[in-house]
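Before any comments, here is the structure.
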Amino acid sequence: MSSNSGIQIPSRLPLLCTHDGVLLPGSTMRISVDTARNMQLVKSRLLKGTSLKSTIIGVIPNTRDPEHDSDELPSLHSIGTAGLAVQVVGSNWPKPHYTLLITGLCRFRVTQLLREKPFPVAEVEQLDKLEQYTEGDQADGELGELSQRFYQAAVQLVGMLDMSVPVVAKLRRLLDSLPKETLPDVLASMIRTSNKEKLQVLDAVDLEERFKKALPLLTRQIEGLKLLQKTRKLRPDDDKRVLAIRKGGVFPGRQFSLDEEGEDEDGDDTAMLEKKVKAAAMPEAALRVCLKELKRLKKMPQSMPEYALTRNYLEMMVELPWSKSSTDCLDIRAARVLLDNDHYAMEKLKRRVLEYLAVRQLKSTLKGPILCFVGPPGVGKTSVGRSIARTLGREFHRLALGGVCDQSDIRGHRRTYVGSMPGRIINGLKTVGVNNPVFLLDEVDKLGKSLQGDPAAALLEVLDPEQNHSFTDHYLNVPFDLSQVLFIATANTTATIPPALLDRMEVLQVPGYTQEEKVEIAHRHLIPHQLEQHGLTPQQLQIPQDTTKDIISKYTREAGVRSLERKIGAICRAVAVKFAEGHKEGKASLYLSDQNTENEEDSGIAAPPEMPIVIDPIALKDILGPPVFEMEVSERLTLPGVAIGLAWTPMGGEIMFVEASRMEGEGQLTLTGQLGDVMKESAHLAISWLRSNAKTYLLTNGSADPLEGTDIHLHFPAGAVTKDGPSAGVTIVTCLASLLSGRLVRSDVAMTGEITLRGLVLPVGGIKDKVLAAHRANLKRVIIPKRNEKDLEEIPPQVRADLDFVFASTLDEVLNAAFDGGFPAAVSHPQVVSKL
């Protein structure tokens with residue numbers, strides 16, 4: 001604004017009353033619009049005006065605080081500053097609020113107040129007529145001497161600042177280019193002064209008086225900086241950088257503050273950060289990197305963008321638990337009791353934890369094992385991980401990996417990127433604050449893969465005991481020891497886990513629960529938990545074991561207990577409704593019929609005292625509705641050509657019906673039910689074996705080929721579900737043998753096993769889940785390959801006692817066990833012994 005001599009302001013100006021600062025000519029200030037009058041001025045003059053004259057407003061300082069604002073206009077200061085509204089920022093939602101950026105132009109005096117509402121408008125007289133100084137001889141006399149002294153003091157002040165800061169260099173150039181008569185206003189707005197002192201400078205209409213008011217303020221600032229330089233122990237390379245410059249520019253449109261407190265605090269923070277770095281007990285490599293970054297931070301101005309990045313990096317480094325660890329609880333007896341209290345069954349998992357504790361007692365430097373719990377949903381894989389952490393006395397942290405498709409989530413981002421941050425592993429360690437927590441990698445089988453990399457490949461380093469002692473996060477770029485972390489991964493299936501990753505983990509199968517185990521879990525954990533969640537007590541609601549068995553068999557069919565817990569919750573909500581309505585029922589049914597209610601009212605019998613509400617089968621049906629699952633095995637096997645197989649799914653084992661029908665045709669085989677290639681090949685194998693042994697088992701109809709003039713349609717119900725695998729081979733053979741012979745397969749038999757062209761039965765996987773599925777379906781006989789006999793050790797004794805197992809090595813044994821009275825062959829043939 002060196003051209004102030006040409007400024008002519010209107011004779012009438014709208015007045016903006018401000019209390020939080022004094023606007024001087026040549027300076028810029030942000031003003032919050034916080035009164036009704038100021039808001040009206042902004043809306044009517046600034047938001048609608050388009051010309052320069054309409055945006056020039058008068059700023060009157062030192063008025064009443066807006067918190068005590070009233071309808072009356074406060075007494076106005078006689079002198080103000082005409083300003084140009086450079087910027088208006090704000091919005092009308094949720095309530096109008098604006099901030100003005102105003103540049104001061106010149107002084108004015110209020111001669112007459114024309115109106116007060118909706119905002120003040122006054123007739124003003126312009127005071128700054130700078131042409132009288134620029135045109136006259138201002139170098140002589142006291143005024144010239146004052147202006148020269150003020151200029152020299154300003155140059156001395158700027159010389160004490162860091163010239164590498166752009167705003168300081170700009171100020172130095174402005175001192176040479178600005179007219180000397182503008183310097184008092186410009187410098188007084190920049191240095192640390194009170195509003196009262198600025199008001200004195202504003203009131204100094206005479207230029208000589210203005211220099212006299214501003215020069216002591218400038219001198220005081222210089223003396224303060226000199227004293228600061230003497231008292232502070234400055235670093236040699238920071239002699240000039242003695243002040244923190246607030247972000248901003250200088251005249252005409254920006255301003256900065258010479259505030260020495262900011263630098264003082266920054267110096268203290270840097271010293272504190274250095275102490276933390278030395279006290280963090282980092283490895284030598286990490287300490288060397290931190291000290292190097294700290295040295296760079298000390299030399300770096302705060303205005304540089306890299307300053308914040310470096311500081312964040314150092315703060316992350318000092319917060320990591322390089323040497324902090326928690327003490328393990330190695331009492332095996334107490335650990336066994338705690339695990340038994342938290343979880344029923346899961347003997348294999350509990351035994352593995354106790355083995356780890358026993359070895360830790362003998363060897364204190366044991367590396368953390370890397371376990372992988374594989375099982376269907378709802379069996380307690382995640383909760384048992386939390387129990388393991390509580391048993392060991394360690395911190396617990398869970399990482400949900402389902403859907404993660406960026407390797408940077410594991411390894412972090414490099415610091416060259418904007419917004420870079422460490423990976424989830426390092427962030428988790430910072431959260432728990434120790435270097436030996438229990439990390440649960442949840443749903444590791446559901447990791448994704450994208451253009452950003454493969455997170456499963458990034459986990460190879462994390463889960464390798466030979467490599468994770470020097471895990472390098474991209475953000476830290478220094479090794480971190482993960483060997484003391486106990487990693488527990490959970491998965492529903494190992495099929496989608498990459499082989500290299502699966503090889504690094506110790507896989508522990510967590511199969512589904514039997515009905516007896518579910519009943520025990522419900523009464524130990526689920527029912528008390530649901531009663532607590534719904535504000536009920538055991539004295540108000542009781543669910544007998546028979547009712548729990550009905551819920552399990554008729555309303556849920558799952559490997560875990562999640563649906564069972566939801567059904568128990570539904571019962572608790574129904575009981576809570578009854579208590580909330582004031583009904584007090586003491587026995588079997590919750591919902592009495594209208595007739596019974598009327599009879600009770602007519603008889604005049606008083607309501608029974610409050611007793612535990614017992615859920616019986618009638619009440620169960622009223623609350624949960626009709627049974628969802630029915631035991632329909634016997635009904636499905638009333639026709640030849642139907643057999644029951646056993647299938648494995650990520651949800652646990654399932655029974656699977658195989659249906660076949662024949663019709664006149666050309667000997668074609670039709671397969672339906674969304675079958676995979678392996679299952680289709682099993683069906684062709686079964687057809688070929690039956691055709692080659694048709695005479696042996698009397699399956700011909702007067703011709704050598706049982707399929708001559710006949711088409712076979714083989715269907716697997718639940719057609720929307722994709723099915724694949726070789727274990728349905730014996731079921732398909734039995735189904736087709738039933739169809740061709742016209743005999744019924746036993747309704748209580750299920751089977752599984754792979755077949756060959758020679759009639760051998762080969763072993764398959766998932767035996768425990770399949771047997772449990774047969775037990776849930778109330779089947780009595782299970783046919784499995786003889787080489788799977790060893791897998792029965794994992795099945796609970798009560799389940800083995802309820803089932804009749806037939807171990808078959810050939811299809812002849814399968815057919816004899818699947819049909820009542822056997823399936824005799826017309827010609828005896830020598831048994832083929834498997835050599836596989």
Output the distance between atom CD1 (I644) and atom SG (C735), rounded to the nearest 0.5 Å. 11.0 Å
Evaluate the side-chain proximity of P455 to L401: yes if any heavy-atom separation is below 4.5 Å, no if none is. no
For atom CD of Q798, decide whether the heavy atoms of other residues, nucleotides or ligands shown that lie under 6.0 angstrom number more than 12. yes
Quick one, E565 with Q530, criterion side chain to side chain contact (heavy atoms under 4.5 Å, CB included). Give me CA distance, side-chain angles, the key distance, then yes/no. CA-CA 8 Å; E565 186 171 15; Q530 288 297 323; 3.2 Å; yes
Straight-line distance of F373 CZ to T490 OG1, nearest 0.5 Å: 9.0 Å
Less than 4.0 angstrom from a charged side-chain N to a carboxylate O is my criterion; do K786 and E813 meet it? no
Straight-line distance of N492 CG to I497 CD1, nearest 0.5 Å: 9.5 Å
Just by modelled atom types, is the Q668 backbone N or O under 3.5 Å from a matching donor or acceptor in the D711 side chain? yes
Is there side-chain contact between I783 and V761, with heavy atoms separated by less than 4.5 Å? no
For residues V764 and W648, determine if any side-chain heavy atom of one lies less than 4.5 Å from a side-chain heavy atom of the other. no
Side chain proximity check, K350 to R336, heavy atoms < 4.5 angstrom: no
In terms of heavy-atom contacts, does NZ of K621 have more than 12 from other residues, nucleotides or ligands at under 6.0 Å? no
Would you confirm whether K567, through its side chain, and L624, through its main-chain N or O, come within 3.5 Å as a donor-acceptor pair? no
H523: which residues meet the side-chain contact (heavy atoms from CB on, under 4.5 Å) condition with it, sequence neighbours left out? V519, I527, Q545, T548
Is the backbone N or O of S563 less than 3.5 Å from a side-chain atom of T556, with the two atoms forming a donor-acceptor pair by type? no
Could you give the side-chain donor-acceptor pairs of residues 378-392 under 3.5 Å, partners two or more places apart or in another chain?
unit_1: K381; atom_1: NZ; unit_2: G375; atom_2: O; d: 3.3
unit_1: K381; atom_1: NZ; unit_2: P376; atom_2: O; d: 3.0
unit_1: T382; atom_1: OG1; unit_2: D442; atom_2: OD1; d: 3.3
unit_1: T382; atom_1: OG1; unit_2: D442; atom_2: OD2; d: 3.3
unit_1: S383; atom_1: OG; unit_2: G380; atom_2: O; d: 3.2
unit_1: S387; atom_1: OG; unit_2: D342; atom_2: OD2; d: 3.2
unit_1: S387; atom_1: OG; unit_2: H343; atom_2: NE2; d: 3.0
unit_1: S387; atom_1: OG; unit_2: S383; atom_2: O; d: 3.2
unit_1: R390; atom_1: NH2; unit_2: D342; atom_2: OD2; d: 2.5
unit_1: T391; atom_1: OG1; unit_2: S387; atom_2: O; d: 2.7

Nearest 0.5 Å, what's the CD1-OG1 distance between I615 and T547? 7.5 Å
Mind listing the side-chain donor-acceptor pairs of residues 713-722 below 3.5 Å, one per line with the distance, residues two or more places apart or on another chain?
unit_1: H713; atom_1: NE2; unit_2: T672; atom_2: OG1; d: 3.0
unit_1: H715; atom_1: ND1; unit_2: T672; atom_2: OG1; d: 2.7
unit_1: T722; atom_1: OG1; unit_2: Q674; atom_2: OE1; d: 3.0

Verdict with supporting geometry, T756 and L685, side chain to side chain contact (heavy atoms under 4.5 Å, CB included): CA-CA 7 Å; T756 70; L685 274 173; over 6 Å; no
Who passes salt bridge (charged side-chain N to carboxylate O under 4.0 Å, His left out) against K554, sequence neighbours left out? none
Applying ring pair (Phe, Tyr, Trp, His ring centres under 6.0 Å) to Y356 and not counting sequence neighbours gives none
Is there a donor-acceptor contact under 3.5 Å from the side chain of S738 to the main chain of R743? yes
Less than 4.5 Å apart, side chain to side chain, heavy atoms only: is that true for L646 and I655? yes
Is it true that the side chains of S450 and Q452 contain a donor and an acceptor less than 3.5 Å apart? yes
Side chain to side chain contact (heavy atoms under 4.5 Å, CB included) between M751 and V806, worked out: CA-CA 9 Å; M751 61 202 75; V806 176; over 6 Å; no
Any side-chain hydrogen bond (donor to acceptor under 3.5 Å, both in side chains) involving residues 727-737? Give me the pairs, sequence neighbours left out, ordered by first then second residue. S727-K770
Residue pairs passing the ring pair (Phe, Tyr, Trp, His ring centres under 6.0 Å) test where at least one lies in residues 665-696, sequence neighbours excluded: W689-Y697
D503 side chain to P499 main-chain N or O, any donor-acceptor pair under 3.5 Å? no
Could you check if a side-chain atom of N468 sits within less than 4.5 angstrom of a side-chain atom of L463, using non-hydrogen atoms only? no
Give, for atom CG of L772 and atom CD1 of I767, the distance between the pair rounded to the nearest 0.5 Å. 11.0 Å
Minimum side-chain heavy-atom gap P785-F807 below 4.5 Å: no
For K518 versus A559, what's the shortest heavy-atom pair and its separation? CE-O, 3.9 Å
Answer yes or no: is there a donor N or O on one side and an acceptor on the other, between the side chain of T496 and the main chain of D445, under 3.5 Å? yes
For residues 792-809, which residue pairs qualify under salt bridge (charged side-chain N to carboxylate O under 4.0 Å, His left out), counting only residues two or more places apart or in two chains? K348-E794, R781-D804
Answer whether the closest heavy-atom distance between the side chains of V733 and V814 falls below 4.5 Å. no
Within the side chain of R504, is there an N or O that forms a donor-acceptor pair under 3.5 Å with the backbone of I370? no
From N788 atom CG to F805 atom CZ, the distance as rounded to the nearest 0.5 Å: 11.5 Å
On a heavy-atom basis, which atom in L699 and which in A737 lie closest, and how many Å separate them? CD2-O, 4.3 Å
Indicate the atoms forming the closest heavy-atom contact of K768 with P511, along with that distance. NZ-CG, 2.9 Å
With sequence neighbours left out, write down each residue that passes side-chain contact (heavy atoms from CB on, under 4.5 Å) with E517, or none if nothing qualifies. Y344, A345, Y513, T514, P796
If you count the non-hydrogen atoms of other residues, nucleotides and ligands that lie under 6.0 Å from CZ in R746, is the total more than 12? yes
Mind checking ring pair (Phe, Tyr, Trp, His ring centres under 6.0 Å) for F439 and listing every partner two or more places apart, or none if nothing turns up? H397, F487
Taking atom NZ of K367 as the centre, report whether more than 12 heavy atoms of other residues, nucleotides or ligands fall under 6.0 Å from it. yes
Between Q509 and L349, which heavy-atom pair has the shortest distance, and what is it? O-CD1, 4.3 Å
Between L501 and V444, is the side chain to side chain contact (heavy atoms under 4.5 Å, CB included) condition met? List the steps. CA-CA 10 Å; L501 182 59; V444 74; 4.3 Å; yes
Suppose we screen for side-chain contact (heavy atoms from CB on, under 4.5 Å). Which residues come up paired with V678, at least two apart in sequence or across chains? D724, P726
Residues which pass side-chain contact (heavy atoms from CB on, under 4.5 Å) with D546, listed by chain and number, not counting sequence neighbours: none
When every non-hydrogen atom of S688 is compared with those of L757, the smallest separation belongs to CB-CD2, 3.9 Å
Do you know the tightest heavy-atom contact between D550 and P617? OD2-CG, 4.1 Å
